[in-house]
Structures are given as C-alpha cells and as structure tokens.
Undergrad: 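I'd like to ask some things about the structure below.
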Amino acid sequence: MPAAPADTGGLPAMSGTDAARAEGPARYDFRASEPRWQAEWEACGCFDVPDVPPEGRPKYYVLEMFPYPSGQLHMGHVRNYTLGDVVARYKRARGHAVLHPMGWDAFGLPAENAARERGIDPAAWTLANIETMRGTLKRLGLSLNWDREFATCLPEYYGQQQKLFLDFLAAGLVERRDALVNWDPVDGTVLANEQVVDGRGWRSGAVVETRRLSQWFLRITAFAPELLSALEGLDAWPERVRVMQAHWIGRSEGARVRFPLVDAQAAEAVGPEVEVYTTRPDTLFGMSFLAVAAEHPLAAHVAAADPAAAAFVAECRSLGTSEAAVESAEKRGYDTGLRVAHPFMPGESFPVWIANFVLMDYGTGAVFGCPCGDQRDLDFARKYGLPVPVVVLPPGQEADGFAVDNVAHDGPGTLINSGFLDGLSFEDGRRAAIKRLEADGAGRGVVNWRLRDWGISRQRAWGCPIPVIHCPDCGAVPVPDDQLPVRLPDGLDFARPGNALDHHPTWKHVSCPRCGGAATRETDTCDTFVDSSWYFARFTAPHAATPTLRAAADGWLPVDQYVGGIEHAILHLLYARFFTRAMHRTGHLGLDEPFRRLFTQGMVNHETFRDADGSWLYPEQVERSGHGATRRDTGTPVQVGRVEKMSKSKRNTVSPEAIIDRYGADTARWFVLSDSPPERDMEWTEAGVAGAARFGQRLFRLVAAVAESTRPGDAPAGFGEAADALRRATHRTIAAVSEALDGFAFNVAVARMHELGGALAEAAGHEAAPDLDRARREAAVTLCLLSAPMMPHLAEELLALLEPGGAMAALRPWPEADAALLAARSVTIAVQVMGRLRGTIEALPDQPADTVIAAAEAEPNVARLLEGRRVVKRIHVPNRIVNFVVAG
RNA sequence: GCCCGCCUGGCGGAAUGGUAGACGCAGCGGACUUAAAAUCCGCAGUCCGAAGGGCGUGCCGGUUCGAGUCCGGCGGCGGGCACCA
C-alpha cells in the first residue's frame, strides 16, 4: 500500500504560485527535515553510551520488548517504541546516561514455515525482514543505540546462550527427564504448559495431545517461593501483572497423605500406598473414594490387566484437557475394584477410581474425594452413587437434620462426625489433622506449587541448538566450551516433515567429547522464550565473548523502564525473572529482578470494513462519508464494523511506512501519544492523524513567526502584563509537562503543549515590544524543548530556526520551571454555600483567610443567599474555595 | 466458577477530596477567499429562565462543610485464570 509519490497526505500540494502568494514562512517540509536530523544525530553519536555507565551521571535503562522480525513493523510497534523513545529522550535531557537498545527476537516458526512453503532459507528470510524493519525503525527517528543491535538467530548471541545453558546444567538448574508433554500434532513439537491455551497449541490452534518424551527442563520451580515473594517488591509493575503471576505460581498449603493399598498384588506392583495432596486434611473423615489421574501409575497397572480400564484411560488421554472436555464438565470415572485403608479410620476402606478430572501434573496425581466439601467430588459421588458423609457444619446450622443435597459446602464451619477433630474450626482441624498424620507417619504438611518446571526442548531446526552430545556409553555429555557455539548447519531441508536438524545428513554425527566414540548431537533446540529471557542483559555488552560483562551488567541493570504489551504478563516476564536469578546464581549477573518499572501499553485498534459479499476491506479502499462508507474504486456501499485490534485477517491495518510517507514520523509519533492514555487501547483514525499533522504545522508557523520577528538576546528592562502572562504560561507548562512525562501521562503532556501554543498565538496579537519578544522567544524555545521527546525532528528544525548555529535539541538539557513564575498573579476562588457553588471571586494568591472570606461574603449572589441566615462554619481552602455552612 | 480492571458530553479523554468536562476529534457560527482548501476567531452537558436556578461522572446507600475521586452494596462492559484437590 505505498502512497503515490505525488500524494501529500491530505495536505494540498503546494504549487509555485501558492508558495509565492503564501505570506510568512513556508510549510514545514518533513520529507527533507526528518532524514537530515536523523543523519545529524547519527553523526554526532549523541545517543551512544559506553558499556560501563559513565561516572557523574545517573544511569537510566529504557527498554521496549524487542520485535519478532515478521517482515513489517506494525502500529503496535510504533506505539511501543514511541513510548519508550519519549522516556529515553526525556531522561537524557534530564541528565541521565540512557541505554536504549534494540534487537531482534529472531528465531521462530514463521521462518521455518517460509522455508517449507517457499523454499527460502530461514536465515536469509529472517535477515531480510530485519533489514526492512530496521529501515522503518530508523525512519521513526528513535534514539536507539544501534551499535548494540543484535539478532538472537546469530551464533554471536545463541552461542552465549548455550554457555548459559551449560552453566545452568552444572549448577543443577537444568534437568533431563522423561515427562508427559503437550504434543502439538500440527506443529509437530512439544509445547510448554504456558503455550497451551484452552487445550490447544498457542500457534497452531490444534488440540494438544499427551506424550511421554525425554526432555530438557529448566528448574524454574527451584525459585518458586522467591518468584512469588519478590512480586511484592515490584511496586512499579501494574498490579494485575503481579496478580496474574502470583496466581500462575500458585502457592497452596496442605498435606500429603498416604493411603495404604489393601490389595497385596497391586501394592507389590506400584508400591504399598497411594499418596494424595489435599488442602483440606481437616475433612479426611468425609472421605468417600480415592481418585487417580488416567496417567497415574496405578491406572496403568490396572489398565494392563483390564481392557475396560485401558479403554477408559485411552479415552481420557485423547480428550486431554481440551476446551470441549472441560466445558462439558462431566465428571467421569472408572472403578478399579481396588481399595485403600484410611489413616484415621482403622478397619474402613474406600474404593479407588480413575477419574477424568484428576490432573497428573498437579500435586500427586491423586486425590481423596470428600463430596460434602467439594462440588466436583459431590458431582462425582452423586453420579456413581457413592456415599456423601457430612463432616463440616456451616455456621448457624444445626447438626440435627443438616444434609448436603447437590451443593457442596466449601466455606468455613465446624467439624462433625470427624472423630478427634469434632468441634474444631477448619484451620484448627487442619493443624490437628497434620499433626496426627505426621505423628502416625501417614503424611505431612506441605506447601504445593502450581508452577511447573519449564520444558524447553523443541523439535525445531530454526532455534538455538541445545549444546549436548548423546553418547551411548557416557550418556548426555555437555559440549565443551571450546567447541561453542554449536552452530546451525547450512543447507537444512525443510521439505520433509519433522525436525530438519534431525535428518540433516551430517550435522548430528560427532564423536563423544568424553570417550571419543561415535555419538550424536542433541537435535532439539531451545524454546524461543529462552532467547528473550536474557536479551536485556546481553544489551549491556552485546559483543562480549562471555554472556555478560559484569561491570556492564552491574552498571546498567536493572532495566529502569520496560515497555511492552500485556500479552507477556506471565510467560516472558516470569521466564526473564527466573533467568535473572539463574544467571545470578551462576555468576553472570548480580541481581534478581530484571525490570524495575514495567509499563504495559494498550493495543492499537481500527474500524473494520466489509464489502457487500462480506469480505474484509483495507482502510485505504474505503471512502468515509458521514456515517456511511463506500468503496473508493466502485462507489458501492461498505459496511462499517466494530473497532478492533489491527490484524491482517480483518485487514484493518494501517502501515507505518505509508503513514510516514504521507505525514512524517513526527506526526505518527504525536498521534499515538496524543489521544488516549498509553495504557489504554487507542483507536487509529484518519482524522486523528490529520489533526496531529495540523498541530505540527501550527507549531511550525508559530515558532517560525517568532524566529522571524524577534532576535535572540533582546534583554528587556522588565516584563509588562502581556509578557508576564506568557512567561507564566510557559513556566507552568514546563512544570505540567514534566509531571505528565514522569507519570506516563503523555496525552496530558500533549494537551498542555496545545495550551502553550495557544498562549503563544495569543501573544502574537499584541503589539511587538522588547519584553514581549523576549517572552515569545522563551515560549518558543520551551515549546521546542518540551516537544523534542515526542516530535524530535520538528523540534530540531524549529530550534535551528530560532537559534541558528545553536546546540541540537537532542543535546540540550530539559527546561527548568522558575518557581517564581509558577504562581498565578490572581486566583479565581469558588464560593460555596452549603457545598454548592454560588459565585466566584478574583483574589491575589495566598491572601489571609479573613480577607478572602470577607471578599467571598461580599460577592453579591452569596451575600443575597447568606442574608438573614446564621453562618455556623466558614471553610477556606487557600487559593481554591470558600464554603459557608449555614444553620437550619 | 474464581481473581483483576474499567464505567465522565456525539467521540478520545482531563480533574493532589475543593468551580466536573482541560486539551483534542467530530459539529455549528463567523472572518478571509470569485470559490474551495488551508488558516484565524467564536459557540458548545442538559432542562427552566430576565436575574438566577434545577439536574448531571452506570445505579442505590454511606462518610464529609464539600465525593467523579473515599467506604459498602448492585448492575454493565472488558480482561486473566480455569476440573489446581
């Protein structure tokens, strides 16, 4: 969708005669200006910083989540990187040494798909995409440290990642073990639990199957307690992200309880006891049955001799945890015929079922069923006619006649029918039950976690090779340091299904580093979330021969401000927090939390359009007219749909390249900052962009007029009323914009700058005078400096007009508000009677209360209302309000 | 089901417990122009009205001299997690 060369983006083309007739300065020509300033910034290296932060200036590390090189930058990126760039430029002007790097999250499935579908080399495809997208980023005028750029798909990066993997392995933070894994049959790979959404692969959407494979795991659970407790300290993260992570980590307190198997033969086969995890050991006397997961060893044992059981197990496995299975919520089970004894109830025994609702990877894969206190257990018991002993009496209920029908009571209450626990509350009962279990050796109190270890093995060729060699004699042997990096080979064949690394003719065949015998490389590669789990650290020393340089990493980390989408609230951010700890433990970093402040931006939305036949139309195919819309080419009516997230499938995208062509980078930047608060979704509209472009031109005219009609350094003897008013507006704006930028309220900063623009325009209406000229120059320079983080090119252009030969905006300090000019000359004070506004008075600021109250009483309308009434209280809020409380 | 967030004009949204609606978009009126574009100026929550009032931040209630803001309840919308024992 390239814009035609003659297209000036809705702004009229300027013919020679127009230009001749136009009075005052010409229009701002962003096409000439933007590339010129980008070249100036690059030439002076003003955004560069050393690996070790310089002395004497506070450091500030701004990072936006780095992009996957899909081929095209989209508006979400523009918003993300503009937000970060405003912070970077602002902090730089505030005197910080700012690290603001950019790179590429460059491994991933789309490159393999391109290779498979079109026979393109994934590396070539990826690097070409990077080339294109880098070009767009540069056109946006972002103040990035381009000398630190890297792509995770290059051995300079993934080789260091292999080093980290081996160090983690040596530190016991990596394990290889057989595991039930989520198998995506369409992508032909294993997925992490986090990548399974509603029982389907997060990319393919295919229903995930369960398989048992030998896999590499990162031991994130080793850090579960601190990953949870440290969330409290992340007070500059959005609350909801912390809540989501806390829930994901999922700490619960309960007990493991062992139930002896009554059947000797089964006990022989799978062990004498079945262990369950419960958070409610207080309700053990309410037991009705024991249920194990279909994947539980006991289920396998039973299935081996019982075809009906085997069929049930197979059925559970195929259904898995797919959405449909969960949605139907049907509790189904199979009675194994086995029975278990009860730790507190000698002589009693309970049936063992295989049940579809029991999860193998939570707790022990087995539960004891207590129907009276758990809805799921109750449904199950009712369905299969199992007993429902009542052991919890809800508050206010009489024991006589209390029964559970079809609603379980999982709240607090008093224990009954529970032997030695009778009469206890649920907390006391739990403590007493655990104490008894431990005394009897039948169980123990435990803390359980929902978080699972992170399986990182992927049967993918376009990823970071896991640096291990499998030797028939020595087992899994780490690749020695001097053989790193383990490079991906050229000439991978993606025509065959499965892992192209695995069926590469030579790559995997090597000799064992330990015994020298014939061995094979690990052909699995790392989950791409590994690549993005430490890139922020690598940016501090991107060319180092070790994963990090401690002086650089210690100097720059943590990231002071991280900016990205909420979709990474759990996976990426949790993995990065884990990696930071693991790198700390292995000596690569000196801290635990990578991101001090986190900002999650909203999405960029756009209207959707459909043709008469229901097919989606791109915005540029549509002509809007009032409430309706028509096709540009045919004039036929178009249906205007909902405002939705920009997506290729709905064709409601606007290309950043096209927008920069038409309006320039500054306009695009200004628009994404101006309307909506950055944490909320915004709607991209043509009118909005045009409005942003108008403001840029207005600013240009205003400031160019000042540059033309005034000279720098005209020092006046004093400031008259008009000049003083403008100066106060200028300094109030400095304070307000600074505060807005500090608080990520960029839309408010924009509004304040509009106001100062208005004040400057108003001042132009007064007769020229040295004091006013000086005030106008001050306002104009201030506008340049305040807008520089947001519209950096225009700011440079205008500053150069005002002060030819002066320093660039990018090199200038942030303006300081003069405290003496922040106070208003007079204040409007609202006067209330009984809390209702009845008039306003003008007063000098900071007058004594008596004076202000007297003036308020004299306000005619107020005086009328107070007449004949007794004032019982006078409230005075300095410079704001007076409120009279009257009797009766 | 559980957890979290949000709800203010036609629209996006401002508003340390202190004049609700800043600023912008769309709209309307005017100036300039042969005309249009661009630009500039002005109007603008709603109802009654002369002054001045009434009603207004999803709904109900509370705290307060004063509530969009704090507290309790309800409703709607959005999001997250979801057979977690």
Side-chain angles (χ1 to χ4, degrees), chain A residues 10-12 14 18 22-24 27 198 238-244 246-248 250 252 254 276-280 283 291 293 321 323 325-331 355-359 361-370 373-377 379-380 410 448-450 566-567 569-570 626 671 674-677 679-683 685 687-688 690-692 694-695 697-698 701 736 739 745 747-755 757-758 761 765 828-840 860-861 864-865 872-886:
Chain A
L11 304 171
M14 194 177 299
D18 284 338
E23 288 184 24
R27 300 181 65 87
D198 292 335
E239 174 68 16
R240 60 177 171 152
V241 174
R242 294 192 287 163
V243 168
M244 278 189 248
H247 184 255
W248 193 264
S252 73
V276 308
Y277 172 71
T278 177
T279 56
R280 295 294 302 275
T283 63
T321 55
E323 193 174 11
V326 173
E327 203 72 7
S328 73
E330 196 192 354
K331 313 294 173 255
N356 66 342
F357 63 85
V358 181
L359 304 175
D361 63 359
Y362 184 77
T364 62
V367 301
F368 85 89
C370 174
D374 183 287
Q375 190 61 46
R376 206 183 29 217
D377 294 349
D379 294 346
F380 191 82
D410 58 5
N448 196 52
W449 303 87
R450 206 187 85 113
I566 186 69
E567 67 273 18
I570 297 173
F671 177 55
S674 60
D675 262 13
S676 300
E679 69 276 13
R680 281 196 220 175
D681 291 355
M682 65 168 289
E683 186 187 351
T685 63
R694 265 202 308 277
F695 180 71
Q697 292 294 350
R698 178 176 153 88
R701 279 193 306 275
E739 190 187 323
N747 56 323
V748 179
V750 164
R752 298 288 94 88
M753 278 185 268
H754 271 282
E755 285 170 352
T828 305
I829 293 172
V831 185
Q832 299 178 337
V833 178
M834 297 300 282
R836 303 185 71 96
L837 181 71
R838 297 302 179 188
T840 59
N861 197 42
R864 185 176 63 81
L865 287 160
V872 294
K873 201 168 177 186
R874 295 171 178 81
I875 288 143
H876 172 240
V877 181
N879 302 328
R880 288 206 175 262
I881 223 162
V882 172
N883 186 16
F884 296 103
V885 183
V886 298

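So that the names make sense, note that chain A is the first sequence line, chain B the second, and so on, each numbered from 1. Heavy atoms only: backbone and side chains are in, while hydrogens, waters and symmetry mates are out. In this text the structure is predicted, and so the values were computed from the model without any measurement.
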Undergrad: Taking atom P in both B:rG29 and B:rC71, what distance in whole Å separates the two?
TA: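 Taking atom P in both B:rG29 and B:rC71, they lie 46 Å apart.
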Undergrad: Between B:rU64 and B:rC70, how far apart are the two C1' atoms, rounded to whole Å?
TA: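 That atom pair is separated by 10 Å.
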Undergrad: Using a cutoff of under 3.5 Å, can you pull out all pairs of nitrogen or oxygen atoms linking the protein to nucleotides 64-69 of chain B, with atom names and distances?
TA:
residue, atom, partner, partner atom, Å
B:rC65, O2', A:Asn883, ND2, 3.2
B:rC65, O2, A:Asn883, ND2, 2.5

Undergrad: C1' atom, B:rA14 versus B:rU69: distance in rounded Å?
TA: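 Each nucleotide's C1' atom is 13 Å from the other's.
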Undergrad: Which of these nucleotides, B:rU19, B:rA26, B:rC83, is closest to any side-chain atom of A:Arg694?
TA: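 Taking heavy atoms from C-beta onward, the closest nucleotide is B:rA26.
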Undergrad: Between B:rG79 and B:rG13, how far apart are the two P atoms, rounded to whole Å?
TA: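 Taking atom P in both B:rG79 and B:rG13, they lie 16 Å apart.
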Undergrad: Roughly how far apart, to the nearest Å, are B:rG61 and B:rG75 at atom C1'?
TA: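 Result for the C1' pair: 15 Å, nearest Å.
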Undergrad: Which base, if any, makes a Watson-Crick or G-U wobble pair with B:rC84, both distances under 3.5 Å?
TA: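 Paired with no nucleotide.
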Undergrad: Under 4.0 Å between any heavy atoms, over every strand shown, what does A:Arg450 touch: base, sugar-phosphate, or nothing? Just pick one.
TA: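 If one applies the 4.0 Å heavy-atom cut-off, A:Arg450 turns out to touch a base.
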Undergrad: Can you tell me the pairing partner of B:rG61 across any strand shown, Watson-Crick or G-U wobble, with both distances under 3.5 angstrom?
TA: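 In the structure as shown, B:rG61 has B:rC71 as its Watson-Crick or wobble partner.
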Undergrad: Let me know the distance between CD of A:Glu755 and P of B:rC23, rounded to the nearest Å.
TA: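 Nearest whole value for this atom pair: 5 Å.
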Undergrad: So, is A:Arg701 close to the B:rC40 phosphate, meaning a side-chain N or O under 4.0 Å from OP1 or OP2?
TA: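 Yes, because at least one side-chain N or O of A:Arg701 sits under 4.0 Å from OP1 or OP2 of B:rC40.
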Undergrad: With a 4.0 Å cut-off on heavy atoms, is A:Thr685 in touch with a base, just the backbone sugar-phosphate, or nothing at all?
TA: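 The residue A:Thr685 makes no contact with any strand.
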Undergrad: Taking OP1 and OP2 of B:rC6, is either one under 4.0 Å from a side-chain nitrogen or oxygen of A:Arg240?
TA: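 No, because none of the side-chain N or O atoms of A:Arg240 sits under 4.0 Å from OP1 or OP2 of B:rC6.
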Undergrad: Side chain of A:Val367 only, heavy atoms from C-beta on: which candidate in B:rU19, B:rC83, B:rA85 is closest?
TA: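 From the listed options, B:rA85 comes nearest.
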Undergrad: Taking the P atom of each, how far is B:rG21 from B:rU46, in whole Å?
TA: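 Their P atoms lie roughly 14 Å apart.
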Undergrad: Under the side-chain contact (heavy atoms from CB on, under 4.5 Å) test, which residues partner A:Asn861, sequence neighbours left out?
TA: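 If we apply the side-chain contact (heavy atoms from CB on, under 4.5 Å) test to A:Asn861, skipping adjacent residues, the hits are A:Arg838, A:Glu859, A:Arg864, A:Leu865.
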Undergrad: If we call it a pair only when both distances are under 3.5 Å in a Watson-Crick or G-U wobble match, what pairs with B:rC40?
TA: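 Its partner is B:rG30.
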Undergrad: If you pin A:Val750 and A:Thr279 to their nearest nucleotides in RNA chain B, which one's is more 5'?
TA: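 Counting from the 5' end, the first nearest nucleotide belongs to A:Val750.
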Undergrad: Who pairs with A:His754 by ring pair (Phe, Tyr, Trp, His ring centres under 6.0 Å), at least two apart in sequence or on another chain?
TA: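 Testing A:His754 for ring pair (Phe, Tyr, Trp, His ring centres under 6.0 Å), a comparison that skips the adjacent residues, returns A:Phe695.
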Undergrad: Output the rounded distance in Å from CG (A:Asp361) to C1' (B:rC83).
TA: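 Answer to the nearest Å: 12 Å.
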Undergrad: Looking only at non-hydrogen atoms, find the nearest pair between A:Arg698 and A:Gly758 and report the distance.
TA: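 Between these two residues, the closest heavy atoms are NH2-CA, 3.6 Å.
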Undergrad: How would you list, by chain and number, every residue that makes a salt bridge (Lys or Arg N to Asp or Glu O under 4.0 Å) with A:Glu239, sequence neighbours excluded?
TA: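 Counting only residues at least two positions away or on another chain, A:Glu239 forms a salt bridge (Lys or Arg N to Asp or Glu O under 4.0 Å) with A:Arg242.
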Undergrad: Assign a letter to each nucleotide of nucleotides 8-15 of chain B from its 5' end: B, base within under 4.0 Å of a protein heavy atom; S, sugar-phosphate only; -, no contact.
TA: ----SSS-
Undergrad: So, using salt bridge (Lys or Arg N to Asp or Glu O under 4.0 Å) as the criterion, who are the partners of A:Arg280 when residues are at least two apart?
TA: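 With neighbours one apart ignored, the set is A:Asp282.
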Undergrad: Want to settle it: does A:Gly691 or A:Asp374 sit nearer the 5' end of RNA chain B, counting the closest nucleotide to each?
TA: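 Nearer the 5' end of the strand: A:Gly691.
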Undergrad: Answer with base, sugar-phosphate or nothing: what part of the nucleic acid does A:Val877 contact at a heavy-atom distance below 4.0 Å?
TA: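 The residue A:Val877 makes base contact.
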Undergrad: Calculate the interatomic distance between A:Asp377 atom CG and B:rG1 atom C1'; express it in whole Å.
TA: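 Checked: the CG to C1' distance equals 15 Å.
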Undergrad: Could you tell me whether the side chain of A:Val885 reaches within less than 4.5 Å of the side chain of A:Met834, counting heavy atoms only?
TA: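 Contact flag for A:Met834/A:Val885 side chains = yes.
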Undergrad: Can you name the residues that form a ring pair (Phe, Tyr, Trp, His ring centres under 6.0 Å) with A:Phe884, not counting sequence neighbours?
TA: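 Ring pair (Phe, Tyr, Trp, His ring centres under 6.0 Å) check on A:Phe884 returns nothing, list empty.
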Undergrad: Any side-chain N or O of A:Tyr277 less than 4.0 Å from the OP1 or OP2 oxygen of B:rA85?
TA: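 A:Tyr277 to B:rA85 OP1/OP2: no side-chain N or O under 4.0 Å.
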Undergrad: How would you list, by chain and number, every residue that makes a side-chain contact (heavy atoms from CB on, under 4.5 Å) with A:Ile566, sequence neighbours excluded?
TA: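 In terms of side-chain contact (heavy atoms from CB on, under 4.5 Å), with neighbours along the sequence ignored, A:Ile566 is linked to A:Arg240, A:Val241, A:Met244, A:Ala569, A:Thr600.
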Undergrad: Just wondering, do A:Thr364 and A:Tyr362 contact through their side chains at under 4.5 Å, heavy atoms?
TA: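 Counting from C-beta outward, A:Tyr362 and A:Thr364 never come under 4.5 Å.
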Undergrad: Taking CZ from A:Phe695 and P from B:rC40, how many angstroms apart are they, rounded to a whole number?
TA: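 Value for this atom pair: 11 Å.
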Undergrad: Base, sugar-phosphate, or nothing: which does A:Asn861 touch, judged by heavy atoms less than 4.0 Å apart?
TA: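 Sugar-phosphate: the residue A:Asn861, judged by heavy atoms under 4.0 Å, touches backbone atoms but no base.
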Undergrad: Since syn is defined as within 90° of 0, does B:rG27 count as syn or as anti?
TA: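 Base orientation: anti.
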Undergrad: Does A:Arg864 have a side-chain nitrogen or oxygen under 4.0 Å from the phosphate oxygens OP1 or OP2 of B:rA51?
TA: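 Answer no for this pair, as no side-chain N or O of A:Arg864 is under 4.0 Å from OP1 or OP2.
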Undergrad: Which part of the nucleic acid does A:Val872 contact within heavy-atom distance under 4.0 Å: base, sugar-phosphate only, or nothing?
TA: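 Here A:Val872 touches no strand at all.
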Undergrad: Listing time: all N or O pairs from protein to nucleotides 54-57 of chain B that are below 3.5 Å?
TA:
residue, atom, partner, partner atom, Å
B:rG54, OP1, A:Arg838, NH2, 3.3
B:rG54, OP2, A:Arg838, NH1, 3.3
B:rC55, OP2, A:Arg836, NH2, 2.6

Undergrad: Nearest-Å distance, CD (A:Glu567) to P (B:rC81)?
TA: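 That distance rounds to 12 Å.
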Undergrad: Among residues at least two apart in sequence or on other chains, which ones pass salt bridge (Lys or Arg N to Asp or Glu O under 4.0 Å) with A:Glu739?
TA: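 Partners of A:Glu739 by the salt bridge (Lys or Arg N to Asp or Glu O under 4.0 Å) criterion come out as none, since no residue qualifies.
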Undergrad: Would the distance check show the side chain of A:Asn448 and the main-chain N or O of A:Ser252 forming a donor-acceptor pair, the cut-off being under 3.5 Å?
TA: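 Not confirmed, A:Asn448 side chain does not pair with A:Ser252 backbone.
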Undergrad: A:Tyr362 has a side chain; which of B:rG80, B:rC84, B:rU19 sits nearest to it?
TA: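 Per side-chain heavy atoms of A:Tyr362, the pick is B:rC84.
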Undergrad: Shortest non-hydrogen contact from A:Asp377 to A:Cys370?
TA: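 That would be OD2-N, 3.0 Å.
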Undergrad: Rounding to the closest angstrom, what is the interatomic distance between B:rG49 and B:rC55 at atom C1'?
TA: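 Looking at atom C1' only, B:rG49 and B:rC55 are 15 Å apart.
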Undergrad: Test of understanding: with side-chain contact (heavy atoms from CB on, under 4.5 Å), list the residues that count as partners of A:Val877, not counting sequence neighbours.
TA: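 Scan of A:Val877 (side-chain contact (heavy atoms from CB on, under 4.5 Å), adjacent residues dropped) gives A:Ile875, A:Arg880, A:Ile881.
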Undergrad: Could you pull out all residues at least two apart from A:Asp675 that satisfy salt bridge (Lys or Arg N to Asp or Glu O under 4.0 Å)?
TA: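 A:Asp675: no salt bridge (Lys or Arg N to Asp or Glu O under 4.0 Å) contacts found.
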Undergrad: Please report, rounded to the nearest Å, how far the C1' atom of B:rC84 is from the CD atom of A:Gln375.
TA: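 So the CD-C1' distance, A:Gln375 to B:rC84, works out to 16 Å.
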Undergrad: Just how far, in rounded Å, is P of B:rC83 from CZ of A:Phe357?
TA: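 After rounding, the reported distance stands at 12 Å.
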Undergrad: Looking only at heavy atoms, which two atoms of A:Lys331 and A:Phe380 are closest? And how far apart?
TA: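 Shortest heavy-atom contact: CB-CD1, 3.8 Å.
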Undergrad: Consider the side chain of A:Ile570, meaning its heavy atoms from C-beta on, and name the nucleotide among B:rU19, B:rG80, B:rA26 that approaches it most closely.
TA: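 Among B:rU19, B:rG80, B:rA26, the one nearest the side chain of A:Ile570 is B:rG80.
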Undergrad: Is B:rC55 paired to anything, Watson-Crick or G-U wobble with both distances less than 3.5 Å, and if yes, which nucleotide?
TA: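 Base partner found: B:rG45.
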Undergrad: Any strand is fair game: report the nucleotide pairing with B:rC77 by Watson-Crick or G-U wobble, both distances under 3.5 Å, or none.
TA: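 Base-paired to B:rG5.
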Undergrad: Rounded to the nearest angstrom, tell me the gap between atom CZ in A:Arg874 and atom C1' in B:rG18.
TA: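 Distance check: A:Arg874 CZ to B:rG18 C1' gives 19 Å.
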Undergrad: Pairing check on B:rA14: which nucleotide meets the Watson-Crick or G-U wobble criteria with it, both distances under 3.5 Å?
TA: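 Answer to the pairing question: none, since B:rA14 forms no Watson-Crick or G-U pair.
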Undergrad: I'd like the P distance from B:rA20 over to B:rG68, given in whole Å.
TA: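 About 8 Å, rounded to a whole number of Å.
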